[in-house]
Amino acid sequence: MNKHPTILTGIRVNSEITLGNFLGALLPMVRLANQHSDKSQVNIFVPDLHSIIDQVDGELQANIIHSLKYYLAAGLEPNPNIHFYRQSRVPAHSELCWILNCIATMGELNRMTQYKDKSSGKDSVDVGIFDYPVLMAADILLYDAAYIPVGEDQFQHIELTRRLGERFNKRFGETFVLPATPKAQAEFMHVDEGIRIRDLQNPEKKMSKSNPSPNGKIMLSDTPESAAKKIMSATTDSIGKVQFDMFNQPGISNLLQIESLINNLPLQDVISTWAGETHYGDLKQKVAESTQTFLADFQEKLAAIDDSVVYELLETGETYANQVANTKLAKVQKLFGLR
Ligand code: TYM
């Protein structure tokens, strides 16, 4: 592994961002960026091509700028090693995606859980949904990125990226750095395992933008008070003991997880603090307060960021990204006889 590995992530902008997206990917990225960007390259991009799969509307450009402000409002300290860019402004992503399509198999893409979930019960399924993970592999491999802060639901796509990269290297010679295994990714993010924030009303399921029930999910645009109310009315269980057990007590475990991530405390410390507690109300109260405080602070910072800050970062970031990506793409094209 490279001494100063590249760190990279992206969040789609086809709708608003949930607390799940925030705690699973955005905040870990901000913390890693602030910790490592003195030496590592940190790429933060908007997968706008992935965002048009489910939905096309007139909001995309505004959402792109807004979503990049989230990183700044969450505490990202810009420096020359941090690069902001839009996927569609770096055409090498689409080019490499096509080339990777020529080594990926239908069988392995058919096995992707996200594809199965999104296509199940539909008569007609867009090719874009099927090919989603190959474009994601291109996003990662173009930059030799090693660490990819994403939630647990995306680990299967990271595994696929590793497989495609490895297959390519075996057939054509060492070309791509493979991203770290999901286990190593979790270690790098200082979490025990992949992060999956649960739906507050139905904690067996992950918190998801597409869940129609507003009470199960917290959006970053919710008022701090309404977010606190949602936490207070979260589904728990009748066991009557605060402990971390995602299988039998997913609701309570989810609250412990949220408390740990929002306050940047090790999960084990939060679990120890609450061990032996029998009143769920006290824990709910505490997590509601943490969420309320966090959202109030975040929204205040967000409102103070001018669009021009993001446009400036995009200008330098896209010059950088095109340089790195085009160099890698040219190498790949030569190997395929295209150059
Ligand atoms: P998206 O927009 O669907 O999700 C963005 C990130 O949020 C994480 N996430 C969660 N984490 C914890 N708990 C949850 N309930 C939860 N819900 C969502 C997702 O795992 C994700 O990290 N495929 C990516 C976008 C992408 C990308 C990439 C990421 C495209 N190319 C290259 C990294 C590298 C995605 O899932 O976006």
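Indexing begins at 1, ligand by ligand and atom by atom, following the structure's order.
From Ile129, atom CD1 reaches atom CG of Leu109 across 13.0 Å, with rounding to the nearest 0.5 Å. Rounding to the nearest 0.5 Å places CE of Met207 at 13.0 Å from NZ of Lys209. Rounded to the nearest 0.5 angstrom, Gln41 CD and Tyr143 OH are separated by 12.0 Å. For the atom pair CZ of Arg31 and CG of Leu261, the computed distance is 7.0 Å after rounding to the nearest 0.5 Å. Distance check: Lys118 NZ to Ser210 OG gives 6.5 Å after rounding to the nearest 0.5 Å. Atom NZ of Lys217 sits about 12.0 Å away from atom NZ of Lys205, to the nearest 0.5 Å.
Residue Thr18 places no N or O, backbone or side chain, under 3.5 Å from any N or O of ligand 1. For ligand 1, the polar-atom distance check against Lys206 finds no nitrogen or oxygen pair separated by under 3.5 Å. Close N/O approach between Gln154 and ligand 1 is found [any backbone or side-chain N/O within under 3.5 Å]. Looking at Gly20 next to ligand 1, an N or O pair under 3.5 Å apart turns up. Considering backbone and side-chain atoms together, Ile148 places no N or O closer than 3.5 Å to any N or O of ligand 1. Of the N or O atoms in Ala25, none lie within a sub-3.5 Å distance of an N or O in ligand 1.
Counting the atoms of ligand 1 from 1 in the order shown, those under 4.0 Å from a heavy atom of Tyr132 are 23 (N), 24 (C), 25 (C), 35 (C), 36 (O), 37 (O). Listed by number with element, the atoms of ligand 1 under 4.0 angstrom from any heavy atom of Met207 are 14 (C), 15 (N), 17 (N). Within ligand 1, counting atoms from 1 as listed, the ones closer than 4.0 Å to a heavy atom of Phe45 are 28 (C), 31 (N), 32 (C). Each of the following atoms of ligand 1 lies closer than 4.0 Å to a heavy atom of Arg196: 12 (C), 13 (N). Close approach of ligand 1 to Leu8 (heavy-atom distance below 4.0 Å) involves ligand atoms 34 (C). Close approach to Gly24 involves these atoms of ligand 1, each under 4.0 Å from a residue heavy atom: 11 (N), 12 (C).
Ranking the protein heavy atoms by distance from atom 1 (P) of ligand 1 puts Arg12 NE, 3.6 Å first. Closest protein heavy atom to atom 7 (O) of ligand 1: Asn21 ND2, 3.1 Å. In terms of protein heavy-atom proximity, atom 20 (O) of ligand 1 is closest to Asp153 OD1, 2.5 Å. Protein heavy atom in closest approach to atom 27 (C) of ligand 1: Gly10 O, 3.8 Å.
At a threshold of 4.0 Å, the pair Glu225-Lys229 does not count as salt-bridged, since none of the basic side-chain nitrogens sits closer than that to a carboxylate oxygen. For the pair Glu318 and Arg86, the salt-bridge criterion is met [side-chain N within less than 4.0 Å of a carboxylate O]. The residues Lys286 and Asp282 are annotated as not salt-bridged, no charged nitrogen and carboxylate oxygen being separated by less than 4.0 angstrom. By the 4.0 Å N-to-carboxylate-O rule, Asp307 lies close enough to Lys69 to be salt-bridged with it.
Considering every non-hydrogen atom in both Ile140 and Ile148, the closest pair reads CG2-CD1, 3.7 Å.
If you look at Asp139 next to ligand 1, the close heavy atoms, those under 4.0 Å, all belong to the side chain. Neither the backbone nor the side chain of Leu135 has any atom closer than 4.0 Å to an atom of ligand 1 (non-hydrogen atoms only). Of the heavy atoms in Lys209, only side-chain atoms (C-beta onward) come closer than 4.0 Å to ligand 1.
When the side-chain hydrogen bond (donor to acceptor under 3.5 Å, both in side chains) test is applied to Arg163, the partners found at least two apart in sequence or on another chain are Glu108. Among residues two or more places apart in sequence or in another chain, the ring-ring contact (aromatic ring centres under 6.0 Å, His included) test is passed with Tyr115 by Phe130.
Cluster annotation: Leu141 is not connected to Tyr147 through the hydrophobic network of ILVMFWY side chains, with a link wherever side-chain heavy atoms come within less than 4.5 Å.
Proximity of Gln114 to ligand 1 is not established, as no heavy-atom distance is less than 4.0 Å. Judged by the shortest distance from any of its heavy atoms, Phe22 lies outside the 4.0 Å radius around the atoms of ligand 1.
The closest non-hydrogen atom to atom 14 (C) of ligand 1, taken over Ile197, Ile17, Ile11, Val46, comes from Ile197. Between the choices Gln87, His50, His157, the shortest heavy-atom distance to atom 30 (C) of ligand 1 belongs to His50.
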